[in-house]
Amino acid sequence: MSLAELLGGDVVDVAPRLLGLRLEANGAAGRVVEVEAYGGDDDPASHAVGGPRVRNRSMFGAAGTLYVYRSYGIHWCANVVTGRIGEGQAVLIRALEPLEGLERMRSRRPAARRAEELCDGPGKLCAALAIDGTADGSSVIDGSGPVRLLDDGTSPPAAVCVGRRVGIRRAAERPWRWAVPDSPFVSRPRLSGP
DNA sequence: CGTTTGATGCTCT
DNA sequence: GAGCATCAAACGG
């Protein structure tokens with residue numbers, strides 16, 4: 001199954017299957033170890049609530065579109081759109097295991113003291129990979145944009161941890177956060193168990 | 001270790 | 001004017 005086909009599915013099914021994929025941007029790369037689903041099943045926590053607007057319009061684009069938004073006025077967060085055009089679904093990439101361009105990441109993230117801290121959060125990984133609002137709306141699957149999502153042949157994680165999404169108030173009980181078990185590169189609070 | 005708090009910009013009320 | 005899909009520095013134990 002191609003990546004484009006996979007991303008066309010429902011966000012809650014797709015999100016955990018993005019674990020293990022490779023994300024590249026601006027001379028650095030990492031393995032996806034933590035994700036969250038937004039916009040599935042009338043999700044009240046999603047930015048897609050209320051339909052397309054100026055900020056969230058790329059969330060309603062085709063599967064594989066990148067949705068980048070500013071968080072708390074300071075950070076950037078990156079999502080990969082799933083489902084059908086107009087549905088408003090996306091997977092928030094929350095953490096990466098750094099693979100390449102470690103020195104570049106370190107210079108972009110001076111506060112990180114250890115490799116485990118370079119990409120262990122949605123704002124942190126965007127800083128480490130230099131992903132900002134200029135990448136919003138580009139494709140991560142057709143090679144035309146600065147950010148690329150690839151299956152590099154690494155076998156997917158044998159198991160996956162599930163838990164509640166981070167930092168939201170509405171629909172906080174939905175178990176729509178997934179992570180690679182025991183990965184030291186996952187953000188806090190850590191997930192454990194199935 | 002843990003918890004708390006200020007920064008900062010944009011959208012919506 | 002409130003509320004964020006966050007982060008890091010500044011504390012206290």
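Computed from a prediction, not measured in an experiment: that's the story for all the values here. Worth knowing before you read on, the calculation uses all heavy atoms, side chains too, and leaves out hydrogens, waters and symmetry mates. By convention in this document, chain letters (A, B, ...) are assigned in the order of the sequence lines, proteins followed by strands, and residues within each chain are numbered from 1.
- The pair A:Arg165-A:Asp43 meets the salt-bridge criterion, since a charged nitrogen lies less than 4.0 angstrom from a carboxylate oxygen.
- Atom pair A:Glu117:CD and C:dA9:C1' shows a separation of 13 Å (rounding to whole Å applied).
- With a 3.5 Å ceiling on both atom-pair distances, the Watson-Crick or G-U wobble partner of B:dA7 is C:dT6.
- Among the nucleotides B:dG2, C:dA5, C:dA9, the one closest to any side-chain atom of A:Tyr67 is C:dA5.
- Look at A:Arg70 and you won't find any side-chain N or O under 4.0 angstrom from OP1 or OP2 of B:dT11.
- The P atoms of B:dT3 and C:dA5 are separated by 22 Å, rounded to the nearest whole Å.
- Rounded to whole angstrom, the span from the CG atom of A:Asp120 across to the P atom of C:dT6 amounts to 13 Å.
- When the P atom of B:dG9 is taken as reference, atom CG of A:Asp136 falls 19 Å away, rounded to whole Å.
- For the OP1/OP2 pair of C:dA8 and a distance below 4.0 Å, the side-chain nitrogens and oxygens of A:Arg109 include at least one atom meeting the criterion.
- In this structure, A:Leu125 atom CG and C:dA8 atom P are separated by 12 Å, rounded to whole Å.
- Where stacking is scored as ring centres under 5.5 Å apart with planes under 30°, A:Tyr69 does not register as stacked on the base of C:dA5.
- Between A:His75 and C:dC7 there is no side-chain polar atom (N or O) within less than 4.0 angstrom of OP1 or OP2.
- One distance of note links CZ of A:Arg17 with CG of A:Asp151; it measures 10.5 Å at 0.5 Å rounding.
- Taking a cutoff of 4.0 Å between a charged side-chain nitrogen and a carboxylate oxygen, A:Glu36 and A:Arg94 qualify as a salt bridge.
- Here A:Ala111 lies in heavy-atom contact (under 4.0 Å) with sugar-phosphate atoms only.
- Nearer the 5' end of DNA chain C, as judged by each residue's closest nucleotide, is the contact made by A:Arg170, out of A:Lys124 and A:Arg170.
- Across C:dT6, B:dT11, B:dG2, the shortest atom-to-atom separation from the side chain of A:Arg55 is found for B:dT11.
- Between A:Arg108 and A:Glu103 there is no salt bridge, since no side-chain nitrogen of the basic residue lies less than 4.0 Å from a carboxylate oxygen of the acidic one.
- In this structure, CG of A:Leu66 is placed 18 Å from P of C:dA5, rounded to the nearest angstrom.
- Following rounding to the nearest Å, A:Asp132 (CG) and B:dC10 (P) show an atom-to-atom distance of 13 Å.
- Side-chain atoms of A:Arg169 lie closest to C:dC4 of the nucleotides C:dA9, C:dA5, C:dC4.
- In this structure, A:His47 places its NE2 atom 11 Å from C1' of C:dG3, rounding to the nearest Å.
- Classification of A:Glu34 and A:Arg177 as a salt-bridged pair holds, one side-chain N sitting under 4.0 Å from a carboxylate O.
- At a cut-off of 3.5 angstrom, counting only N and O atoms as typed in the model, there is no donor on one side facing an acceptor on the other between the side-chain of A:Tyr72 and the base of C:dA5.
- Rounded to whole Å, the distance from CH2 on A:Trp76 to C1' on C:dT6 is 14 Å.
- Under 4.0 Å is where a charged nitrogen must lie from a carboxylate oxygen, and between A:Glu87 and A:Arg84 no such pair does.
- The A:Ile74 side chain lies nearest to B:dT8 when the options are B:dT11, B:dT8, C:dA5.
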